[in-house]
Amino acid sequence: MPVPLEGLIKEEPLDFPLYLKTGDHRWVLYRDVMSAMGEDHIGRLRSEGVECLYIRVADRRGYYKRVEGKLDEVLRDPVTSVDARAQVLYGVATEMAEEILSHPPDKAEIKRATRLINSAAQMVLREDGAFRAVRQILKASNNLSAHCLTVSMLSMGLARHVIGSDPNTLAKAGLAGFLHDIGRVDHEADRGPEHAVRGYERLRALGLDKEICEVALYHHERADGSGFPRGLGCENIPPLAAVVSLVNTFDSIYSGHKPRVGIFDSLCILAQAYRGCFDKEMTKSFVELFKD
């Protein structure tokens, strides 16, 4: 699989080999395991017109680990296509989500997630087509970490249209979406009011922003008052919680409906089966996210 040159430079030696593509289905070894990868290597490749190197698919986790700390550099690289950078973002985010959401996270892990979400938000705001590229990669999955990652990315897109298009708003929406189901960690089967309260308490204990804590508590509230844990009406649901609630419901349909349905049918089910549960204008804005 191709990987951008940006982000590969690091003091630590490589723990996976890098390859140059020399023709159709032909690659040659460029740097072996335990080799250095410095600025001189990248400069030489650039001067020769090389825009990417290749790794074995089996080594992708090692690659994502290596570039996580330099993700912002990768996402700002004008030489690499938006689609390719979106693939790196999704890969790094997937690995991170699986680690962080395998147990109740600590403050250091929350900071790690925050850095990634901030980089993603900046990319979405900076470049046309970035959100579309990220959205098209998202996959249906009942896995908790994959669900939280999808809700995170889609919440950024929706918040941009219904709350505000500034970096802080998008980053807060992304982190809130990522952490909305933190109460299900170690209690994955719990989909009732208890997980919402538990998530709120966990995030408060970590000192997170009030709005993000409220999303964990209110992401099952509905505009018509039919939600939980408090049965709040539309006027009492915080805007960020309303955004994540809608996105969470959509992904629950997309990932969990039996038989499996596609995006279009998921949107139809959302519009019909949940009529009145969400603000009409917000629902329209959400549908717009899937129009190319």
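Taking OG from Ser252 and CG from Leu270, the interatomic distance works out to 10.5 Å, rounded to the nearest 0.5 Å. Between Phe228 atom CZ and Arg191 atom CZ the span is 10.0 Å, to the nearest 0.5 Å. Of the inter-residue distances, the one linking Ser47 atom OG with Arg44 atom CZ reads 8.0 Å to the nearest 0.5 angstrom. Rounded to the nearest 0.5 Å, atoms CG (Leu232) and OG (Ser226) are 11.0 Å apart. Note that CD1 of Ile212 is 7.0 Å distant from OG1 of Thr114, once rounded to the nearest 0.5 Å. Note that CG of Asp209 is 9.0 Å distant from CG of Leu175, once rounded to the nearest 0.5 Å.
Within a 6.0 Å sphere centred on CZ of Arg260, heavy atoms belonging to other residues, nucleotides or ligands number more than 12. Other residues, nucleotides and ligands place more than 12 heavy atoms under 6.0 Å from the CG atom of Asp40. In Arg126, the CZ atom is crowded: over 12 heavy atoms of neighbouring residues, nucleotides or ligands sit closer than 6.0 Å. No more than 12 heavy atoms of other residues, nucleotides or ligands sit less than 6.0 Å from atom CD of Glu11.
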Return all side-chain donor-acceptor pairs below 3.5 angstrom for residues 27-36, not counting sequence neighbours, or 'none' if the list is empty.
from, atom 1, to, atom 2, distance (Å)
Arg31, NE, Ala36, O, 3.2
Arg31, NH2, Ala36, O, 3.3
Ser35, OG, Asp32, N, 3.3
Ser35, OG, Asp32, O, 2.9

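Residues Glu98 and Thr94 form a side-chain contact, since some pair of their non-hydrogen atoms from C-beta on lies under 4.5 Å apart. Looking only at side-chain heavy atoms (C-beta outward), His195 and His220 come within less than 4.5 Å of each other. At least one side-chain heavy atom of Leu125 sits less than 4.5 Å from a side-chain heavy atom of Arg160. Side chains of His41 and Leu5 form no contact here, defined as non-hydrogen atoms less than 4.5 Å apart. Contact annotation: the side chain of Leu89 approaches that of Leu75 to within less than 4.5 Å [non-hydrogen atoms, C-beta and beyond]. Side-chain contact between Arg76 and Gln122 is present, with at least one heavy-atom pair separated by less than 4.5 Å. The shortest distance between side-chain heavy atoms of Tyr274 and Thr283 does not fall below 4.5 Å. Annotation: side chain of Leu158 is in contact with side chain of Ser285 (closest heavy-atom distance under 4.5 Å).
Cluster annotation: Ile263 and Phe286 are assigned to the same hydrophobic cluster (Ile/Leu/Val/Met/Phe/Trp/Tyr, side-chain heavy-atom contacts under 4.5 Å, transitive). Ile117 is connected to Ile137 through a chain of hydrophobic side-chain contacts under 4.5 Å among Ile, Leu, Val, Met, Phe, Trp and Tyr, so both are in one cluster. Tyr19 and Val88 sit in two unconnected hydrophobic clusters of ILVMFWY residues. Membership requires side-chain heavy atoms under 4.5 Å apart, directly or through other members. Linking ILVMFWY residues whenever their side-chain heavy atoms come closer than 4.5 Å, directly or via other members, leaves Tyr218 and Leu246 in distinct clusters. Criterion: ILVMFWY side-chain heavy atoms under 4.5 Å apart, direct or through other members. Under it, Leu217 and Leu240 are not part of a common hydrophobic cluster.
Screening Arg61, Lys10, Arg112, Arg115 against Glu68 for a salt bridge (Lys or Arg N to Asp or Glu O under 4.0 Å) leaves a single residue, Arg112. A side chain to side chain contact (heavy atoms under 4.5 Å, CB included) with Leu116 is found for one member of Leu71, Ile100, Asp72 and no other, namely Leu71.
The two residues Ala241 and Glu214 come nearest to each other via the heavy atoms CB-O, 4.4 Å. The nearest pair of heavy atoms linking Phe278 to Ser245 is CE2-OG, 3.4 Å. Listed here is the closest heavy atom pair of Asp15 and Gly62: OD1-O, 4.3 Å. Pro105 approaches Ile110 most closely through the heavy-atom pair CG-CD1, 3.9 Å. Shortest non-hydrogen contact noted between Pro229 and Ala196 is CD-CB, 4.4 Å. Taking every heavy atom of both residues into account, Phe178 and Ala97 meet most closely at CE1-CB, 3.6 Å.
Remark: the Glu109 side chain and the His103 side chain contain an N/O donor-acceptor pair separated by less than 3.5 Å. In the model, Asp83 has no side-chain atom that pairs as donor or acceptor with a side-chain atom of Ser81 under 3.5 Å.
The pair Arg46-Glu6 counts as a salt bridge, with a side-chain nitrogen and a carboxylate oxygen less than 4.0 angstrom apart. Ion pair Glu281/Lys284 flagged as a salt bridge, since at least one NZ, NE, NH1 or NH2 atom sits closer than 4.0 Å to an Asp/Glu carboxylate oxygen. Taking 4.0 Å as the cut-off between side-chain N and carboxylate O, Arg198 and Glu201 do not count as a salt-bridged pair.
A donor-acceptor pair under 3.5 Å is absent between the side-chain atoms of Arg184 and the main chain of Leu144, judged by distance alone. Here the side chain of Ser255 pairs no donor or acceptor atom with the backbone of Ala140 at under 3.5 angstrom. Counting only distance, with no hydrogens or angles, the side chain of Asp166 and the backbone of Thr169 share a donor-acceptor pair below 3.5 Å. A donor-acceptor pair under 3.5 Å is absent between the side-chain atoms of Ser152 and the main chain of Cys148, judged by distance alone. Here the side chain of Asp251 pairs no donor or acceptor atom with the backbone of Val151 at under 3.5 angstrom. A donor-acceptor distance shorter than 3.5 angstrom exists from the side chain of Arg202 to the backbone of Ile182, with no hydrogens or angles considered. Remark: the backbone N or O of Ile9 is paired with a side-chain donor or acceptor of Lys70 at under 3.5 angstrom. A donor-acceptor contact shorter than 3.5 Å is absent between the side chain of Glu221 and the backbone of Ile237. At least one donor-acceptor pair closer than 3.5 Å links the side chain of His219 to the backbone N or O of Ala216. One N or O on the side chain of Arg66 and one on the backbone of Leu8 form a donor-acceptor pair closer than 3.5 Å.
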What's the verdict on side chain to side chain contact (heavy atoms under 4.5 Å, CB included) for Ile163 and Lys172, showing C-alpha distance, side-chain angles and the deciding distance? CA-CA 11 Å; Ile163 299 180; Lys172 190 176 290 187; over 6 Å; no

Could you go through Tyr54 and Met1, starting from their C-alpha distance and side-chain angles, then the distance that decides it, and tell me whether this counts as side chain to side chain contact (heavy atoms under 4.5 Å, CB included)? CA-CA 5 Å; Tyr54 288 78; Met1 58 179 279; 5.8 Å; no

Checking side chain to side chain contact (heavy atoms under 4.5 Å, CB included) for the pair Tyr90/Lys139: CA distance, chi angles, key distance, verdict? CA-CA 10 Å; Tyr90 184 72; Lys139 302 175 179 68; 3.7 Å; yes

Please test Ile42 against Met37 for side chain to side chain contact (heavy atoms under 4.5 Å, CB included), starting from the C-alpha separation and ending with a verdict. CA-CA 8 Å; Ile42 299 299; Met37 192 68 185; 3.5 Å; yes

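In this structure, Phe250 has its ring center closer than 6.0 angstrom to the ring center of Phe290. The aromatic ring centres of His147 and His180 sit less than 6.0 Å apart.
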